[in-house]
Amino acid sequence: MKDLKIYLSVAAVLLVIYIVVQFNKPQATDWSASYINTQKAPFGTYILYNQIKDVFPKAAISPRRQPPFEVLDDKQKRTAYIIICNRVQFSEIEYDLIKNYVSAGNDMFIAAEDFGTLLKDNLNIKSNDFFGEYNKTEYVSFVNPALNPERQYYVDKQAVDSYFAELDTAKTIVLGVNNDGLANFIQYKMGKGSLFLAANPKLFTNYSLLKPQAAQYAPTALAYLKNPKEVIWDEYYSQGSANEGSPMRVFFNNPALRWAYYIALVSMLIYVVYGIKRRQRAIPVIEPLKNSTLDFVNVVGQVYYEQRDNQNIAEKKILYFLILLRDRYQLKTNKLDNEFITALAQKTGLETAYAKELVNYINYIAHQPHVNDYELLELNKLIEKFHTLSA
């Protein structure tokens, strides 16, 4: 026992020393292109995000970490949606929402190296990279006479390697080019608004904004957005959904904490092995845990049955059913109208008549002050039929 205490004491002291050394040593520069608005690394967007108010002084800044289909609304007016990331990939539903959103008089600005298959197919564009030397300085410029086309914005680190190799010249307005005269910043007019695509997202990062010869490019490009009342800053395509990840991500994102975690695991393993070798005991027989799921369900069901709260049960069944439609089929369930019925039938492959019957009955139940046994059973029958048909 005395030897074990000595070992644990030495291990604890070494662990503390290691953590202190790791926290105090100079950190290597992170050159990964994260485009995260809270990161001060070279290719984060901390500076632009915190100075966007200078570009749009009268606009409210709204960071959003949800996919576009949860954010966009064609009833929004005079807003601007800004996405800066490595790659976007829209679904058909999202693309339709984008068209409606822009056509209603809003602007969308996307800076990315890859715009995804659906966007490229619908706009007839193709983006390429020419992969120049990493430390070679290249330049870009605007073509608008009012923005001085002779002015060149210089930056290195392959920040301007991407460009649009193919364009639909009948629908595309070229706003900027690289040093080879290839388009890297374009505009599509849709209804009352515009969709802007920039092929060089690194021009909007901390690194470019701190270079004197490139600092004015980002605010000049964003100035094309017409005086929005609200700027929606996308965090979804740079950081993922707010629901993703776990508390352990904090450890793994920090090198010092990550190695401390590994050392702690190894130390625990050594301790366990050492303890087994020195003090192995007979292993008692442990009865397997009883599966009490069915008992739990029976208890909960009995409670609801005794309370006779049919309305509460109906509300929960409707709530869980709508959550299923949002998660599995990406349907917006805030308004259960004829448009929703059509979308439900198309996404699930159900007959329109059955979809209409189901949605109308859900609306009927949702507005009832009391729900009797027959109405509850009918609701359950319609929802169970949905699960059977969509399986």
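The first residue of the sequence shown is numbered 1, and numbering continues consecutively from there. Hydrogens, waters and symmetry mates are skipped; everything else that's a heavy atom, side chains included, is used.
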Exercise for review: Taking the six-membered ring for Trp and the single ring otherwise, decide whether the centroids of Tyr139 and Tyr154 are under 6.0 Å apart.
Suggested key: yes
**Study point:** Distance in Å, Phe142 CZ paired with Phe185 CZ, rounded so as to fall on 0.5 Å steps
**Key:** 6.0 Å
Review point. At what distance, to the nearest 0.5 angstrom, does CD of Gln187 lie from CZ of Phe196?
Key: 4.0 Å
Review point. Would Asn37 and Thr45 count as having a side-chain donor-acceptor pair, cut-off 3.5 Å?
Key: no
**Study point:** Carboxylate-amine/guanidinium proximity below 4.0 Å for Lys317 and Glu315
**Key:** no
Check your understanding: Should the heavy atoms of other residues, nucleotides or ligands under 6.0 Å from CD of Glu92 be counted, would the total exceed 12?
Key -> no
Practice item. Please answer whether the main-chain N or O of Glu375 pairs with a side-chain N or O of Asn372 as donor and acceptor at a distance below 3.5 Å. Key: yes
Check your understanding: Just wondering, more than 12 heavy atoms not from Lys53 lying within 6.0 Å of its NZ?
Key -> yes
**Study point:** Candidate pair Leu175 and Ile186, rule side-chain contact (heavy atoms from CB on, under 4.5 Å), full reasoning
**Key:** CA-CA 5 Å; Leu175 303 178; Ile186 58 178; 5.9 Å; no
Practice item. Check each of Ile98, Leu97, Thr117 against Phe90 using the side-chain contact (heavy atoms from CB on, under 4.5 Å) test, and report the only one that passes. Key: Ile98
Exercise for review: May I have the step-by-step check of side-chain contact (heavy atoms from CB on, under 4.5 Å) for Leu203 and Val155, ending in yes or no?
Suggested key: CA-CA 8 Å; Leu203 288 171; Val155 68; 3.7 Å; yes
Point to revise | Cluster overlap Ile84 with Ile61, hydrophobic side-chain contacts below 4.5 Å | key: yes
Practice item. Please work out whether the ring planes of Tyr49 and Trp233 are parallel, tilted or perpendicular, with thresholds of 30° and 60°. Key: perpendicular
Check your understanding: Any sub-3.5 Å donor-acceptor pair from Asp234's side-chain atoms to Tyr237's backbone N or O?
Key -> yes
Review point. Heavy-atom count around Asn338 CG within 6.0 Å, excluding the residue itself: above 12?
Key: no
**Study point:** Heavy atoms from other residues, nucleotides or ligands near CD of Gln89 exceed 12 (cutoff 6.0 Å)
**Key:** yes
Practice item. Report yes or no: do Ser194 and Tyr224 form a side-chain donor-acceptor pair below 3.5 Å? Key: no
Point to revise | Partner of Phe204 by ring pair (Phe, Tyr, Trp, His ring centres under 6.0 Å), out of Phe109, Tyr153, Tyr46 | key: Phe109
Review point. Asn106 side chain to Thr79 main-chain N or O, any donor-acceptor pair under 3.5 Å?
Key: yes
Exercise for review: Answer yes when Asp156 and Lys136 have at least one side-chain N-carboxylate O distance shorter than 4.0 Å, and no when they do not.
Suggested key: no
Exercise for review: Evaluate side chain to side chain donor-acceptor pair (under 3.5 Å) for Gln39 paired with Ser34, printing each intermediate quantity in order.
Suggested key: CA-CA 8 Å; Gln39 283 194 359; Ser34 68; 2.7 Å; yes
Check your understanding: Between Tyr188 and Thr172, does any side-chain donor sit less than 3.5 Å from a side-chain acceptor?
Key -> yes
Exercise for review: Check whether NZ of the Lys or CZ of the Arg Lys202 lies under 6.0 Å from the centre of the six-membered ring of Phe43 and within 45 degrees of that ring's axis.
Suggested key: yes
Check your understanding: Are more than 12 heavy atoms from other residues, nucleotides or ligands located less than 6.0 Å from atom OH of Tyr329?
Key -> yes
Exercise for review: State plainly whether one hydrophobic cluster holds both Ile362 and Leu389, where clusters connect Ile, Leu, Val, Met, Phe, Trp and Tyr through side-chain heavy atoms under 4.5 angstrom apart.
Suggested key: yes
Check your understanding: So if you build clusters from Ile, Leu, Val, Met, Phe, Trp, Tyr with side-chain heavy-atom gaps below 4.5 Å, do Val371 and Tyr364 land together?
Key -> yes
Exercise for review: Test side-chain contact (heavy atoms from CB on, under 4.5 Å) on Glu138 and Asn178 and set out the steps.
Suggested key: CA-CA 8 Å; Glu138 307 281 355; Asn178 62 15; over 6 Å; no
**Study point:** Leu195-Val143 co-clustered via ILVMFWY side chain contacts under 4.5 Å
**Key:** yes
**Study point:** Cluster link Ile36 to Trp31, ILVMFWY, side chain under 4.5 Å
**Key:** no
Exercise for review: Apply the side-chain contact (heavy atoms from CB on, under 4.5 Å) test between Pro42 and each candidate in Thr205, Asn206, Thr29; give the one that qualifies.
Suggested key: Thr29
Exercise for review: State which residue, out of Lys229, Glu230, Lys192, Lys226, fulfils the side-chain contact (heavy atoms from CB on, under 4.5 Å) condition with Arg78.
Suggested key: Lys229
Check your understanding: Checking side-chain contact (heavy atoms from CB on, under 4.5 Å) for the pair Phe164/Leu182: CA distance, chi angles, key distance, verdict?
Key -> CA-CA 7 Å; Phe164 295 103; Leu182 301 171; over 6 Å; no
Point to revise | Geometric cation-pi criterion, Lys120 with Phe115: 6.0 Å, 45° | key: no
Review point. Is there a donor-acceptor contact under 3.5 Å from the side chain of Arg87 to the main chain of Gly116?
Key: no
